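Note that the structure is a prediction, hence the values are computed from the model and not measured. Throughout, protein chains are lettered first and strands after them, A, B, ... in sequence-line order, and every chain is numbered starting at 1.
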There are 2 protein chains.
Amino acid sequence: MIPSTERQGKIIQKLKRKGFRLTPQRFAVVKILANNEEHLSAQEIYERVKKDIPFTSFATIYRTVALLRDMGEVMELGFADEGNRYDGARPYPHPHLVCIQCKKILDPKVPSLEELPRKLAKKTGFQILNHRLDFFGLCPECQKNPSRER
Amino acid sequence: MIPSTERQGKIIQKLKRKGFRLTPQRFAVVKILANNEEHLSAQEIYERVKKDIPFTSFATIYRTVALLRDMGEVMELGFADEGNRYDGARPYPHPHLVCIQCKKILDPKVPSLEELPRKLAKKTGFQILNHRLDFFGLCPECQKNPSRER
DNA sequence: TTTGCTGCAAACCTTTTGCATGCTT
DNA sequence: AAGCATGCAAAAGGTTTGCAGCAAA
């Protein structure tokens, strides 16, 4: 578990420094994303925020994660077939292991791509800003329970 | 350029062998996807098919690429922010270089991941079925023309 | 008081689906 | 004749946006 207050504090300071208001809704979203190793969907964030602040709307969730994403403090993982997932603990490129059945997402410890982006930039002339490395498959639980849903 | 008739013939034979009909619409979609190194959107496939068969509908495009995808003959690349892209020339995992401005997608020649999927499966217990490695950035042209749209 | 933020609902966009019609074999 | 495939239009699903009201500095 990454120390809660560290990421949370960093994000909140950055928000304030940039002149954004720290509303209760934003605070709730930051709290959830900063202290969580999971890769949450907008729906999950919405449900958790509503426990604190029952009047929260979906629009605010989306606006807040977009703000945090634009600040570089949350990584948005888009998937075509389901919704986006958000990672506030490690907002930088890293490999993911995605279960196609229960939809859980893990961060496997594999050697990073290291210099590949830089080499590729040199070879192709692209200015490389980001990358994604995702492995898709069935987690051990879903191999045993072929019907389990998320 | 990959030899046209080879992929095209293989796909058509497979369709027939599996008992699917080779309608003019399907033939047009196969022709476009099999003989094309680009990564086309559904919209682009639709437009090109309509040149041959003006009455074609979007539904048929989607049903056809889904059929080819399920047969393993077309790779569907889903993106969250824009539509899917389809690759009929290389329907197996390989890295992509994606320009975030003009949306072109290239296949860079980089060392493949080799044994990483297998190692990861062994370490995590996941049954790994697929993977994606995408690099995002600005292509040389878009670096010069920051406003160019696709 | 001013400006930013929120909630609600409608809009968006791509993809999927229901259904009646039409084409193949 | 039987069944698959198509076209059309509507539905679906997640995300974004317009707008009026509210709240924080």
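For the pair A/Leu67 CG and C/dT6 C1', the interatomic distance rounds to 14 Å; values are reported in whole Å. Between the CD1 atom of A/Ile53 and the C1' atom of C/dT6 there is a distance of 11 Å, given to the nearest Å. Summarising the geometry, the separation between CD1 on B/Ile61 and P on D/dA5 is reported as 15 Å, rounded to the nearest angstrom. Rounded to whole Å, the distance from NZ on A/Lys50 to C1' on C/dG7 is 11 Å. Spacing between atom NZ of A/Lys16 and atom P of C/dG4 amounts to 18 Å, rounded to whole angstrom units. Remark: P of C/dT14 and CZ of B/Arg85 are 12 Å apart, rounded to the nearest angstrom. If you measure from atom OH of B/Tyr46 to atom P of D/dG7, you get 9 Å, rounded to the nearest angstrom. Atom CD in A/Glu44 sits about 12 Å away from atom P in D/dG14, given to the nearest Å.
In the hydrophobic clustering of this structure, B/Leu33 groups with B/Leu15; members are Ile, Leu, Val, Met, Phe, Trp, Tyr whose side-chain heavy atoms approach within less than 4.5 Å, directly or through other members. Both A/Ile12 and A/Ile61 belong to a common hydrophobic cluster when Ile, Leu, Val, Met, Phe, Trp and Tyr are linked at side-chain heavy-atom distances under 4.5 angstrom.
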Practice prompt. Please step through side chain to side chain contact (heavy atoms under 4.5 Å, CB included) for the pair A/Leu113 and B/Leu133, ending with a clear verdict.
Written response: CA-CA 10 Å; A/Leu113 297 182; B/Leu133 173 53; 3.7 Å; yes

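Across all strands shown, A/Ala42 has heavy atoms under 4.0 Å from sugar-phosphate atoms exclusively, and none from any base. Residue contacts for A/Asp81: at a heavy-atom cut-off of 4.0 Å it reaches no nucleic acid atom on any strand shown. Contacts of A/Phe20 with the nucleic acid, taken as non-hydrogen atoms under 4.0 Å apart, involve only primed sugar atoms and P, OP1 or OP2. Note on A/Gln43: nothing from the nucleic acid sits closer than 4.0 angstrom, heavy atoms only. Contact annotation for A/Arg26: backbone-only contact, meaning every heavy-atom pair under 4.0 Å involves sugar-phosphate atoms and none involves a base.
For a distance-only test at 3.5 Å, the side chain of A/Arg63 fails to qualify as a donor-acceptor partner of the base of C/dG4. Interface remark: the A/Arg21 side chain does not form any donor-acceptor pair with the C/dC5 base, using a distance-only criterion of under 3.5 Å.
Remark: B/Thr23 is not in phosphate contact with C/dC23, judged by side-chain N or O atoms under 4.0 Å from OP1 or OP2. Between B/Ser57 and D/dT6, a side-chain N or O to OP1/OP2 separation shorter than 4.0 Å is absent.
In the set C/dA9, D/dT6, D/dA9, the nucleotide with an atom closest to the side chain of A/Ala59 is C/dA9.
Ring orientation note: the planes of B/Phe136 and B/Phe79 are nearly perpendicular, at an angle over 60° on the 30°/60° scale.
Minimum heavy-atom separation, B/Ile45 to B/Tyr86: CD1-CD1, 3.9 Å.
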